[in-house]
Number of protein chains: 2
Amino acid sequence: MTKRGPTLEDVAREAGVSRATVSRVVNGVRNVDPGLQDVVRQAIETTGYSPNGAARSLVTRRAETVALLVSGAGDGFAARVFADPFFGRIVSGAVTYLRGRAMHPVLMFAESDEARSQVVDYLRRGSADGALVVSLQADDPLPQMLLHARVPVVLFARPPQPLPVSYVDIDHYQGGRLAAEHLLARGSRRLAAISAPQDLPAGRDRLAGFRDALDHAGRGPVPVVEGAFTLDSGAAAMIRILEEHPEVDGVFAANDLMAQGACQILREQGRRVPDDVAVVGFDDSSIAVTCRPPLTTVRQPVEKMAAAMAEALAGHLQGSASGQTRVVFDPELVVRESA
Amino acid sequence: MTKRGPTLEDVAREAGVSRATVSRVVNGVRNVDPGLQDVVRQAIETTGYSPNGAARSLVTRRAETVALLVSGAGDGFAARVFADPFFGRIVSGAVTYLRGRAMHPVLMFAESDEARSQVVDYLRRGSADGALVVSLQADDPLPQMLLHARVPVVLFARPPQPLPVSYVDIDHYQGGRLAAEHLLARGSRRLAAISAPQDLPAGRDRLAGFRDALDHAGRGPVPVVEGAFTLDSGAAAMIRILEEHPEVDGVFAANDLMAQGACQILREQGRRVPDDVAVVGFDDSSIAVTCRPPLTTVRQPVEKMAAAMAEALAGHLQGSASGQTRVVFDPELVVRESA
DNA sequence: GTGAAAGCGCTAACAG
DNA sequence: CTGTTAGCGCTTTCAC
């Protein structure tokens, strides 16, 4: 690693100009004679020069990098996170936006106290200019830690506790309503819900919207089993619902992965989807398409949301945005075969 | 962003010592009086000091960061990558190893020419010290670009063209044999294969091992349909196999995702797995467990392989490893229900 | 329009 | 064991 590439100095010598001029050319600052520009560019070419990021960051105080943080807990966290295609969409959306602004996204996992403090450290050191964070736990301390460390941050989803922070979200309540109304409209009468964790605002809102729509239609209270966003938890919830309410003919699962688990159980128990039991999921992740049958689901425009997060962060970084930015998107029902 | 945190200088003043001493304490260099150490640590505490990464990197020429590159092509690449749990395991393994060495993994996608040059740029700038790369395309130019830029790199899997580069892989040929022998041993006689892309060494080797084992057992040539590692391609291949060889009673799919696609088709066409048609997958990803029925599959110790990659890279970085490191693991058959 | 010079915050010899 | 002294490679006033 004693590979010391050429520096500005080398290029300047080669081009017969000063470091300052080379710097201006490299950074596209005008006020440089077009002729000289060519000479410099030529010199850069022949020397194979590439600017040193550390030196640059040291003076500009910018790393041109933003951290994309996924926070949660447990062993094999990265593997579990990737099990839900949801995250691929977030990353995709963020990457797409950032790429155009020449910012580098770096994905990091914060699944333990150690990992969290390493992440905060990374930001405090200035290795990244800000963070986009997706938090999977209600009691996740990461957002607070980041805020406390004065790191510019934008969250995916409104945090469980009120925090002076920017975030991007969808109207989950409305999403729950959409699911209920669709099930009702197609004729399902004995409904049940596999909810998201109720310590998450999204979980509460989706369920509240679902329930309110049902109440509004005079379709009283429904059985609810709480899931954990995983395939297994969806399957387990479905089993319990079938035991306790064998007459069920419509289920709203708070994400697609749980809906898939529910479908598997239904099929195993000989119920046809949607003929015997209709199933509505949430997210419209790739699972919705590959699931058998393909899922009717409430779509979150995740890529757009991620792009909005990146945009908000970029705004904060260049100081054009003050205070908190909060963007709430509308969900949309996507009808496929499961309901 | 005019937030200029406290510097070494500030801490030194607060503690009444020189910058050098504070630096020593921060970096855990001994030769510092224990008493002074406490004073310094106290000063760090009260000032809320955190070292500046750029300044440090500038002199150490190390970013304490390694890039984890996933290279391929196409729209929504990140989303597709995440659709295969395989990557979660790679990330998991690498992260686990790196964490202990206080190195930060940064995940980046290189799915277009633009993205690739940005990635190379990132490395050339010194923002990361080296790269672990997972390449999904036979003609991927990224490894070459990295090598050319003199970036320390370790690949996941042997590259299609011989390259003077370190890599970690498994014995795919042996994996194909394991699959064939298992299918034969359980009594399947009319076999077929859904292969991986044949421009990939892994794809060729898996198929060769499968075929050779069959030949060896006197079970002649088998129909082969090439897939693309995706669920859909597995399903499509299965459909074609059923059309052309309805008598098939055993299938080897070159990864779990394609095996899952095959299982879905088989079920839809009224074939029981494994009773009518046995299916063997490859990878032992989380899909193998969640698939119905759970897949018998050839396991790649992906987490260990990723850790080995990180270890090899770390070796190169500290200069203790010279030339290329090549590690080849043995695959292992995991028997579940599908065969 | 261009160059000279002053750091950015840190580590690493080198003295003492 | 501790302090002094040089830079690391770059951007950025400030003169010219």
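Residue numbering restarts at 1 for every chain, and letters A, B, ... go by the order of the sequence lines.
Taking 3.5 Å as the limit, the base of C:dG3 and the side chain of A:Arg24 contain a donor-acceptor pair of atoms between them.
Between B:Phe156 and B:Phe87, the gap from one ring centroid to the other reaches at least 6.0 Å.
Taken residue by residue, residues 31-44 of chain A places heavy atoms nearer than 4.0 Å to DNA chain C at A:Asn31, A:Val32, A:Asp33, A:Leu36.
For A:Asp113, the salt bridge (Lys or Arg N to Asp or Glu O under 4.0 Å) criterion is met by A:Arg116, not counting sequence neighbours.
At the heavy-atom level, A:Val26 lies nowhere under 4.0 Å from the strands shown.
Between B:Asn27 and the phosphate of C:dT11, there is a side-chain N or O to OP1/OP2 separation shorter than 4.0 Å. Taking only side-chain nitrogens and oxygens, B:Thr21 comes nearer than 4.0 Å to OP1 or OP2 of D:dG3. Taking only side-chain nitrogens and oxygens, B:Ser18 comes nearer than 4.0 Å to OP1 or OP2 of D:dG3.
The aromatic rings of B:Phe77 and B:Phe109 sit perpendicular, their planes meeting at an angle over 60°, well past the 30° parallel limit.
As rounded to whole Å, 4 Å separates atom C1' of D:dC8 from atom CG of B:Leu58. Atom OH in B:Tyr49 sits roughly 10 Å away from atom P in C:dG9 (whole-Å rounding). Distance, A:Arg19 CZ to D:dC14 P: 18 Å, rounded to whole Å. Rounded to whole Å, the distance from CG on B:Leu8 to P on D:dG3 is 13 Å. Atom-to-atom, CG of A:Asn52 to C1' of C:dC10 comes out at 13 Å; the value is rounded to the nearest Å. Distance, A:Arg125 CZ to C:dT11 P: 11 Å, rounded to whole Å.
With D:dC10, C:dT11, C:dA4 as the choices, the nucleotide that has an atom nearest any side-chain atom of A:Val59 turns out to be D:dC10. In this structure, the nucleotide among C:dC8, C:dT11, C:dA4 sitting nearest to the side chain of B:Arg56 is C:dT11. Here the side chain of A:Arg61 is nearest to one of D:dG9, D:dT12, C:dC8, namely C:dC8. Nearest nucleotide to the A:Ala20 side chain, out of D:dT12, C:dC10, D:dG9: D:dT12.
If B:Gly16 and A:Glu9 are placed on DNA chain D by their nearest nucleotide, the residue sitting closer to the 5' end is B:Gly16.
Between the side chain of B:Ser57 and the backbone N or O of B:Gly53 there is at least one donor-acceptor pair closer than 3.5 Å.
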Next item on the list: Take B:Thr47 and B:Asp10 through the side-chain hydrogen bond (donor to acceptor under 3.5 Å, both in side chains) test and state the conclusion after the steps.
Entry: CA-CA 8 Å; B:Thr47 53; B:Asp10 298 322; over 6 Å; no
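With respect to B:Glu111 and A:Arg99, a salt bridge is recorded, a charged nitrogen being found less than 4.0 Å from a carboxylate O.
A side-chain donor from one of B:Thr325 and B:His316 sits under 3.5 Å from a side-chain acceptor of the other.
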